[in-house]
Chemist: 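Following this message is one structure expressed as structure tokens.
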4 protein chains.
Amino acid sequence: MTKTEPMEVLRRKIQIKNVLLRNLLAEFLGTLMLLFFGTSIVAQFILSKETLNTWIQINVGWGFAIAFCVYATAKTSGGHLNPAISLVMVTFGRLKLVHFFLYTIVQTFGALLGSGLMVYYDAIQHAIAHENISTKHLIQLFCSYPGDYLTWRGAFVDQAVGTGFLAFFVCVVIDKRNKIPDAVHPLFFGFILMTIGMAFGFNLGYPINPARDFGPRILAAIIVGKEAFTLMNGMYWIAPVVAPCLGSVVAAWFYHVGFGAHLPEPEEEHYELPMKLVTEESALPLKQFEQ
Amino acid sequence: MTKTEPMEVLRRKIQIKNVLLRNLLAEFLGTLMLLFFGTSIVAQFILSKETLNTWIQINVGWGFAIAFCVYATAKTSGGHLNPAISLVMVTFGRLKLVHFFLYTIVQTFGALLGSGLMVYYDAIQHAIAHENISTKHLIQLFCSYPGDYLTWRGAFVDQAVGTGFLAFFVCVVIDKRNKIPDAVHPLFFGFILMTIGMAFGFNLGYPINPARDFGPRILAAIIVGKEAFTLMNGMYWIAPVVAPCLGSVVAAWFYHVGFGAHLPEPEEEHYELPMKLVTEESALPLKQFEQ
Amino acid sequence: MTKTEPMEVLRRKIQIKNVLLRNLLAEFLGTLMLLFFGTSIVAQFILSKETLNTWIQINVGWGFAIAFCVYATAKTSGGHLNPAISLVMVTFGRLKLVHFFLYTIVQTFGALLGSGLMVYYDAIQHAIAHENISTKHLIQLFCSYPGDYLTWRGAFVDQAVGTGFLAFFVCVVIDKRNKIPDAVHPLFFGFILMTIGMAFGFNLGYPINPARDFGPRILAAIIVGKEAFTLMNGMYWIAPVVAPCLGSVVAAWFYHVGFGAHLPEPEEEHYELPMKLVTEESALPLKQFEQ
Amino acid sequence: MTKTEPMEVLRRKIQIKNVLLRNLLAEFLGTLMLLFFGTSIVAQFILSKETLNTWIQINVGWGFAIAFCVYATAKTSGGHLNPAISLVMVTFGRLKLVHFFLYTIVQTFGALLGSGLMVYYDAIQHAIAHENISTKHLIQLFCSYPGDYLTWRGAFVDQAVGTGFLAFFVCVVIDKRNKIPDAVHPLFFGFILMTIGMAFGFNLGYPINPARDFGPRILAAIIVGKEAFTLMNGMYWIAPVVAPCLGSVVAAWFYHVGFGAHLPEPEEEHYELPMKLVTEESALPLKQFEQ
């Protein structure tokens with residue numbers, strides 16, 4: 001990182017000094033890269049008919065994709081890449097409401113563009129030409145699709161809960177009193193995403209991110225057809241847009257009310273008993289060694 | 001974490017100062033979140049008929065679920081979330097016996113509530129309506145169920161051993177002389193859980209946690225029917241409640257008797273030979289280079 | 001690491017003082033070890049007919065193989081093991097162009113030799129004798145093979161994009177402003193490789209490394225037959241050689257133009273709002289606690 | 001770790017002061033725990049007919065089992081748990097030859113005992129009673145069994161190479177010049193083991209540890225029958241005993257000759273070019289930004 005390195009020279013020439021602008025750029029490009037990566041993982045799952053990728057690759061792949069896209073943007077915009085997380089930051093006083101709307105727009109637009117840059121053009125053309133892929137699967141290449149049995153209420157609860165778990169554990173990780181080193185935060189977010197995909201993927205596929213679901217859904221409507229928006233009498237698409245925002249805020253504050261607020265300060269009394277208690281009451285089990 | 005942040009304001013208003021009370025709250029909510037997360041993982045495995053989740057997701061998912069629920073509670077109550085681990089802490093003089101009983105009650109109650117907050121209501125209703133799920137599988141959504149071949153003694157040994165491995169490796173990780181940084185302890189507990197699920201899951205499904213098995217079993221009895229408690233002439237449910245407590249304490253002290261007690265202090269003689277031995281006896285193999 | 005240890009004695013005798021020479025040795029042997037390890041992973045996948053290894057082992061196995069081969073060489077040559085990454089370093093001013101050509105030669109030669117040191121000689125002989133393996137699979141033991149549906153353009157885009165993601169995230173990881181500790185860089189490269197294999201493996205198998213594909217392809221042509229080079233009218237093999245170099249350089253500079261150049265310095269204004277904004281505008285959500 | 005804690009009191013009473021004795025105890029109990037854990041993983045794979053555990057659990061499970069058993073013993077005996085690694089340490093001048101023989105004996109005896117403590121007694125009895133398990137599979141519960149096609153030479157090469165990769169990467173990890181923090185060494189050994197199982201498991205199942213294979217083979221001969229030792233005209237069992245010792249020593253010194261000896265000291269010239277080179281020759285690619 002010496003001054004003569006080409007990237008440093010570039011930096012001096014083009015660095016965006018406006019904080020909001022560069023944050024929006026980071027959220028836009030970060031979400032674009034995330035969807036570019038992520039929809040390729042889903043495409044490999046669907047196009048190989050679940051023989052190459054199985055569900056574990058969806059979980060682990062999306063987890064790492066998020067982890068490293070957050071690493072790319074964390075020091076600039078905070079690396080939300082998800083309006084539901086940005087909204088949590090609004091309630092934490094770390095993001096202005098008006099900025100939240102701007103974040104949401106660029107995240108959604110980034111997601112839309114990212115999901116369109118497919119390396120699987122040949123494979124999809126081939127599958128369509130051989131009538132080897134259903135409209136459902138074509139839509140799933142871009143965005144979520146509910147299980148046959150699922151009600152709208154079920155979809156809403158699913159997305160509120162799934163995103164809630166994300167927000168809850170994001171709060172666990174970033175709460176400085178839990179003493180998790182900054183450098184592993186994005187990796188841990190990835191692990192959390194993996195686990196959410198193992199727990200809340202069955203109903204509709206855990207988008208848990210309004211931008212990630214809505215942006216690509218527009219593209220699906222353009223490319224595949226209006227079915228992307230007509231599911232459940234045209235109501236389905238609302239669930240993965242609205243529910244994550246509600247669920248994430250509730251869960252984030254549930255963390256602070258139920259856990260974070262009660263974390264002892266380093267100097268406070270610890271869960272380990274003070275030593276006099278040890279020597280008196282609890283020392284019993286080791287009597288056998290003390291004869 | 002400046003004083004004007006909303007969470008810090010909240011903290012000053014609602015923080016529970018009583019150590020026992022806030023520890024009980026942490027154990028209660030932590031076990032609730034763990035079961036909420038964990039039973040969803042199991043449900044995705046069972047309801048998809050092992051096509052979406054396979055056994056690897058049960059292992060990895062539960063591992064990370066435990067890791068992050070422990071991160072959420074470690075700095076408050078120690079993050080036991082398991083009466084068998086709490087009992088080990090009693091024998092270590094780090095928890096009063098009376099507190100152990102309180103811990104156990106809130107852990108069990110948290111587990112019961114957590115396993116009831118299902119996002120898979122629609123899917124379960126659908127499976128029941130189409131007679132597409134057995135009573136055995138319905139019970140397994142909540143708690144353990146023994147293999148056909150399994151004797152009660154086999155179940156007891158299984159749970160004692162499985163929880164024993166958990167307690168043994170927890171002791172390895174938290175023993176300060178092994179120099180494993182605090183910040184990775186919960187993650188490592190998660191890795192240990194993953195491995196236990198790969199080794200001791202075949203007989204009955206590695207609950208290795210009395211609260212995790214007994215709490216949800218009550219709910220299973222209410223929702224599914226009394227079969228949850230009548231297995232093996234009504235004796236089965238006792239094994240995953242009693243055996244973990246026995247196994248964990250024995251294994252924890254086995255660690256200290258067999259390993260921990262003999263760990264050298266940093267200043268003690270090391271397993272690497274003193275240098276004179278190197279130059280004299282063991283320097284042989286490099287003679288060829290010294291000509 | 002005392003002076004009398006045999007490895008230290010050896011070191012004093014044989015250490016190569018010439019920086020270029022020892023870097024070339026590291027790249028040569030590192031790529032050799034990588035291919036020795038990696039082709040064994042592929043062979044286990046193909047020879048077991050995807051029953052022992054499934055695609056997840058290809059992903060995780062190659063990821064860790066790369067991680068640890070980079071650990072072995074990072075402190076010497078930088079641990080590129082891939083001409084596409086070396087070329088990125090040329091554009092970063094960290095490698096001379098003439099050295100890049102030398103790196104490429106030894107990487108390719110190392111890859112060729114590494115892929116020939118098969119422990120699966122018996123198994124391959126057995127499969128051939130029983131006509132139990134196709135020419136396609138025999139070639140895949142060494143190098144990439146395109147899907148039936150794939151066009152040359154599709155193969156080129158695939159390799160440019162796949163290697164682009166590698167180079168992009170390598171830049172994320174090594175950018176000091178992202179504050180990812182040096183000691184985990186190779187591990188993170190491994191995680192990135194895993195994810196690329198979950199996203200960009202369906203078309204032709206993610207070589208994303210000209211040396212890794214071209215070196216073993218020569219061996220495949222010698223052992224299996226000229227089909228290794230005659231695919232797509234003799235044009236196929238060019239795609240995984242040329243596209244990675246293009247994709248990686250574009251992606252690396254895309255990182256610096258879109259992300260790296262705008263990273264705030266530690267002392268610059270942070271994405272977290274200055275506190276007066278918090279107390280004024282954004283403090284709203286916590287009003288309920290402040291009564 | 002205050003003096004009044006029960007484990008500390010125990011420690012003062014029973015700590016073994018003799019370095020050799022406590023190292024032997026650590027190697028004995030560590031290998032016992034490793035085989036107890038590991039054979040349960042294999043048993044879950046075999047007894048569930050590869051439906052519960054698949055090969056990925058064998059890889060990940062054994063990897064973590066080794067990682068945490070090494071954490072338990074690393075600070076005492078160095079955590080070899082494998083005669084092939086102990087032999088490498090002899091050639092490094094870190095273990096006396098006579099101690100190596102003692103290590104080997106206790107490792108083998110620990111492995112034998114560990115593999116006998118089965119929690120799958122009921123399941124095995126049930127499988128035998130229903131003629132649902134072959135002699136081959138019964139032997140595989142304890143130790144390695146060669147593929148039909150495998151020659152003795154092939155088995156020998158397989159074990160030499162597999163253990164060689166283990167020893168090679170152990171040397172990478174523990175070489176202080178590679179700057180991998182001590183606290184992650186055992187975890188990294190686990191990752192290496194995982195990868196070896198993904199690359200060298202097809203021929204005979206990657207024991208790559210004479211104690212791990214020979215100890216349990218004795219038990220297999222007692223319980224299952226002499227077939228454990230009569231494979232390949234009674235010659236098979238020798239390969240996984242002798243080859244690992246040869247392969248590990250060769251690979252360890254291959255590391256030091258090819259890699260370790262040439263690692264630059266921190267103060268030496270680095271692979272990054274000195275800055276004058278950057279400004280002159282390599283600065284070309286950024287000319288476009290400098291107009």
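Each chain gets a letter, A, B and so on, in the order its sequence line appears, and its residues count up from 1.
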Chemist: Do any of residues 182-189 of chain B have a heavy atom less than 4.5 Å from a heavy atom of chain A, and if so, which, in residue order?
Modeler: B:A183, B:L187
Chemist: On the 0 to 90° scale, with breaks at 30° and 60°, tag the A:F92-A:W253 ring pair as parallel, tilted or perpendicular.
Modeler: perpendicular
Chemist: Is there any residue in residues 194-209 of chain A with a non-hydrogen atom under 4.5 Å from a non-hydrogen atom of chain B, and which ones are they?
Modeler: A:M194, A:T195, A:I196, A:G197, A:M198, A:A199, A:F200, A:G201, A:F202, A:N203
Chemist: Are any non-hydrogen side-chain atoms of A:W237 and A:L231 less than 4.5 angstrom apart?
Modeler: no
Chemist: Measure distances from B:L25 to the heavy atoms of chain A and classify the residue's part below 4.5 Å as side chain, backbone, both or neither.
Modeler: side chain
Chemist: Would you call A:R177 and B:E8 a salt bridge, using N to O less than 4.0 angstrom?
Modeler: yes
Chemist: Can you tell me how the ring of A:Y255 sits relative to the ring of A:F259, calling it parallel under 30°, perpendicular over 60° and tilted otherwise?
Modeler: parallel
Chemist: Would you name the heavy atoms of B:D122 and A:G154 that are closest together and state the gap between them?
Modeler: OD2-CA, 3.5 Å
Chemist: Please evaluate residues A:S144 and A:Y236 with respect to the criterion side chain to side chain donor-acceptor pair (under 3.5 Å), reporting the C-alpha separation (whole Å), side-chain torsions for both, the decisive distance (0.1 Å), and the verdict.
Modeler: CA-CA 10 Å; A:S144 71; A:Y236 170 69; 2.6 Å; yes
Chemist: If you take all heavy atoms of B:P244 and B:T163, which pair is closest and at what distance?
Modeler: CB-OG1, 3.2 Å
Chemist: Kindly indicate whether the side chain of B:I105, heavy atoms from C-beta on, has any atom under 4.5 Å from the side chain of B:L24.
Modeler: no
Chemist: Applying side-chain hydrogen bond (donor to acceptor under 3.5 Å, both in side chains) between B:S86 and each of B:Q107, B:R94, B:E27, report the one that passes.
Modeler: B:Q107
Chemist: Sort out for me which of A:I180, A:T151, A:D158 touches chain B most, counting heavy-atom pairs under 4.5 Å.
Modeler: A:T151
Chemist: At a 4.5 Å cut-off on heavy atoms, which part of A:F191 comes close to chain B: side chain, backbone, both, or neither?
Modeler: both
Chemist: Is there any residue in residues 50-61 of chain B with a non-hydrogen atom under 4.5 Å from a non-hydrogen atom of chain A, and which ones are they?
Modeler: B:L52, B:N53, B:I56, B:Q57, B:V60, B:G61
Chemist: Is the closest side-chain heavy-atom distance between A:V242 and A:L246 below 4.5 Å?
Modeler: no
Chemist: When only pairs under 4.5 Å are counted, which of B:P181, B:A123, B:A26 shares the most heavy-atom pairs with chain A?
Modeler: B:A123
Chemist: Considering only heavy atoms and a distance below 4.5 Å, find which of B:L20, B:L21, B:L47, B:V42 pairs most often with chain A.
Modeler: B:L47
Chemist: Tell me whether the count of non-hydrogen atoms from other residues, nucleotides or ligands lying under 6.0 Å of CG in A:N233 goes above 12.
Modeler: no
Chemist: Could you tell me whether the side chain of B:T31 reaches within less than 4.5 Å of the side chain of B:F109, counting heavy atoms only?
Modeler: no
Chemist: Please examine the side chains of B:L34 and B:W62, heavy atoms only from C-beta on, and report whether any two atoms are closer than 4.5 Å.
Modeler: yes
Chemist: With only heavy atoms counted, which part of B:F28 is less than 4.5 Å from chain A, the side chain, the backbone, both or neither?
Modeler: neither
Chemist: Can you confirm whether B:Y121 is buried at OH, in the sense that more than 12 heavy atoms of other residues, nucleotides or ligands lie under 6.0 Å from that atom?
Modeler: no
Chemist: Pick one of side chain, backbone, both or neither for B:F68, based on which atoms fall under 4.5 Å of a heavy atom in chain A.
Modeler: both
Chemist: Check this for me, if you would: do B:R11 and A:E265 make a salt bridge, where the nitrogen-to-carboxylate-oxygen distance has to be below 4.0 angstrom?
Modeler: yes
Chemist: With sequence neighbours left out, what residues match A:D148 under side-chain contact (heavy atoms from CB on, under 4.5 Å)?
Modeler: none
